[in-house]
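Bear in mind the structure is a predicted one, so any value in this text is a computation, not a measurement. Residues: numbered from 1 along the sequence shown.
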Amino acid sequence: MGQKSVREEGARQRAPHASDHGWDGGESEGEERPGEPPDGDGEPSQGSARHRHRRGGGGGGRPPRRKRGVLRWSATVLAVLILGTAGAGYLYYQHLNNSLETDDLNLGEHRAPAPTPNAEGQTPMNILLIGSDARDSKANQKLGGAKETFGAPPLADVQMLLHLSADRSNMSVVSMPRDTLLQVPKCTDPDDGKVYPQTGPKFMTNESLGHGGPGCTVATWEKLTKIHIDHFMMVDFAGVVSMADAIGGVPVCVDKNIHSRTSQGKGSGLKLKKGTTEVKGEQALQWLRTRYGFEGGTDISRAKAQHMYMNALVRKLRENTSLTSPNQLRKLAEKAVDALKVDDGLGSIKKLYDLGNELKKVPAERTTMTTMPFNYEGERVVPKPGDAEQLFRLVRDDIPLDGKGKKKPAKEKLSDDPAAADDKIAIQVQNGTRTDALAPVPGRASTVAQLLSGKGFAKAAPDTTTSLAEKRTLVRFPSAELEGDAQRVAKSLGLPLSSVKKSTDVSGVTLVVGADWREGDVPPKPKKKDDKTPDSADALSGSDKKACMKVDPNYTW
């Protein structure tokens, strides 16, 4: 744990909150607290009722309703960019280091494999941005609303994966809707040792934060996407509004006059004229909270509006020449640090400053915002088969989502540990030929094990107790001393080295016969991959200054 845990009570004084500006968040959006049925009736979805202490804490169980969050995503990125522009001379104050809170990166049992370096030895960087709705202090409560929610388990209501390419030429952001249903892995709380068992497949993603902290949200992303996450950055309600004010307004656009207010008093209260408006302060808060009023009236609409705001904010920061006062920059840096909670790998001002410099290398036109492709399942959503995995694969393989540039091929490095003789390599063969539409091919593991024996691998044996679903044939190995053996098995079958994967799920060299090899004696050569970003990801370029939110005609004036 870092010098100050995110769960330390009364750790330090919070940054200014909305009430300091005369704002109390206004009317709520009239939304259910995630994990509850949309109309507030019935039983809540499975989740943790345990109270987590974050800066003061409080008692109580899960409340039935709550107000929506505010500037969390923008605060996270704004904080990084500020740290990258403020200048080293104002960042190395010891009190800033002492103010920075840290927590464990991953609380799960398994990690996604790290990416292979490109030909120049460069590797990409993946950072999970988390917006917590914790109401564990008076400041957060005033911003979050709903008195009965004080001290409830925090929810990760904003989740965005920021991918910085290996060559630092482009950056991609993938948002996940807060009400996505998926499986949260087993997580262990690093503070008290409490173990949260793996959930079922229909668990709300935002409830992962209450299973030990942000490290469980990271573990959940890695389990779903197979993307190796290097860092996380988390921000709560407090200490954010003043940071948005500091840049002097962000241009946003609506295609009609809008007033986000229903006859029942629900809505953010946002009222803008048609066209482009520079929003700051209360209006910026309202823009990022608005659901009622934008076409569709869903969290997906709100995420799109947040993407537009963030693109405009990044452009404004790059172009802004007004932040030149040393005193202004110093105060801004302090507020940025105060708003953040990070993993130990980002647990110093220097590391954050270096990260800010890395992010600044990417031009706006090479920044792409996307939303995870999804299908509706009742009032919730699930990852869209095919499209969601396609988006995750592009990120895993460091392929630009803007379609520009060519991915530099990964260097296929042979293991430093030479392979044993073929007849000495023990191989488990598993049947992974099952698909969503097809049953596994009976006896496939035995057939391929016999094929390997005929090639001289006398210790090849079928695993008849395991039935998997793998799209392509893989060779897995658990530790470095078996990598050479695994590569030798792949080579004997004509498989590329990219099919050899390190995995803690196996105890020895394991050949998983995938759905691509349901028959025949030779695995098929891999087909050329479609590297196009799915249309359902709703990609938005960081250079798009013409983007404009569509307004629901029922909310115009």
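- Residues Q430 and E470 form no side-chain contact, since every pair of their non-hydrogen atoms from C-beta on lies 4.5 Å or further apart.
- Contact record, F232 with D343: N-OD1, 3.0 Å, taken as the closest heavy-atom pair.
- Of the candidates E109, H110, H211, Q198, K186 forms a side chain to side chain donor-acceptor pair (under 3.5 Å) with just one, namely E109.
- Counted within 6.0 Å of NZ on K351, heavy atoms from surrounding residues, nucleotides or ligands total more than 12; the atom is thus considered enclosed.
- With a 4.5 Å cut-off on side-chain heavy atoms, P385 and N375 count as touching.
- For E295 (side chain) and D552 (main-chain N/O), no donor-acceptor pair under 3.5 Å exists by modelled atom type.
- R518 places a side-chain N or O within donor-acceptor distance of the main-chain N or O of T433, the cut-off being under 3.5 Å.
- Put simply, the side chain of H259 never gets that close to the backbone of K271: no donor and acceptor are under 3.5 Å apart.
- Side-chain atoms of E377 do not come within 3.5 Å of backbone N or O of L181 as any donor-acceptor pair.
- Panel note: side chain S172, backbone L162; no donor-acceptor pair is recorded below 3.5 Å.
- W287 places no side-chain N or O within 3.5 Å of a backbone atom of T290 that could act as its donor or acceptor partner.
- Checked against the 6.0 Å centroid threshold, F392 and W221 do not count as a close aromatic pair.
- The salt bridge (charged side-chain N to carboxylate O under 4.0 Å, His left out) with R393 is formed by just one residue from the set D387, D531, D530; it is D531.
- Contact check for L540 versus D538: no side-chain heavy atoms found under the 4.5 Å cut-off.
- R111 contributes a side-chain N or O that, together with a main-chain N or O of I229, makes up a donor-acceptor pair within less than 3.5 Å.
- In this structure, the side chains of Q283 and L272 come closer than 4.5 Å at one or more pairs of heavy atoms.
- The backbone N or O of P553 lies less than 3.5 Å from no partner atom in the side chain of T556, so there is not a single donor-acceptor pair.
- Here the side chain of R396 pairs a donor or acceptor atom with the backbone of T225 at under 3.5 angstrom.
- Atoms CG and OG1, on N106 and T217 in that order, are 10.5 Å from each other to the nearest 0.5 Å.
- The backbone N or O of W517 sits less than 3.5 Å from a side-chain atom of R444, completing a donor-acceptor pair.
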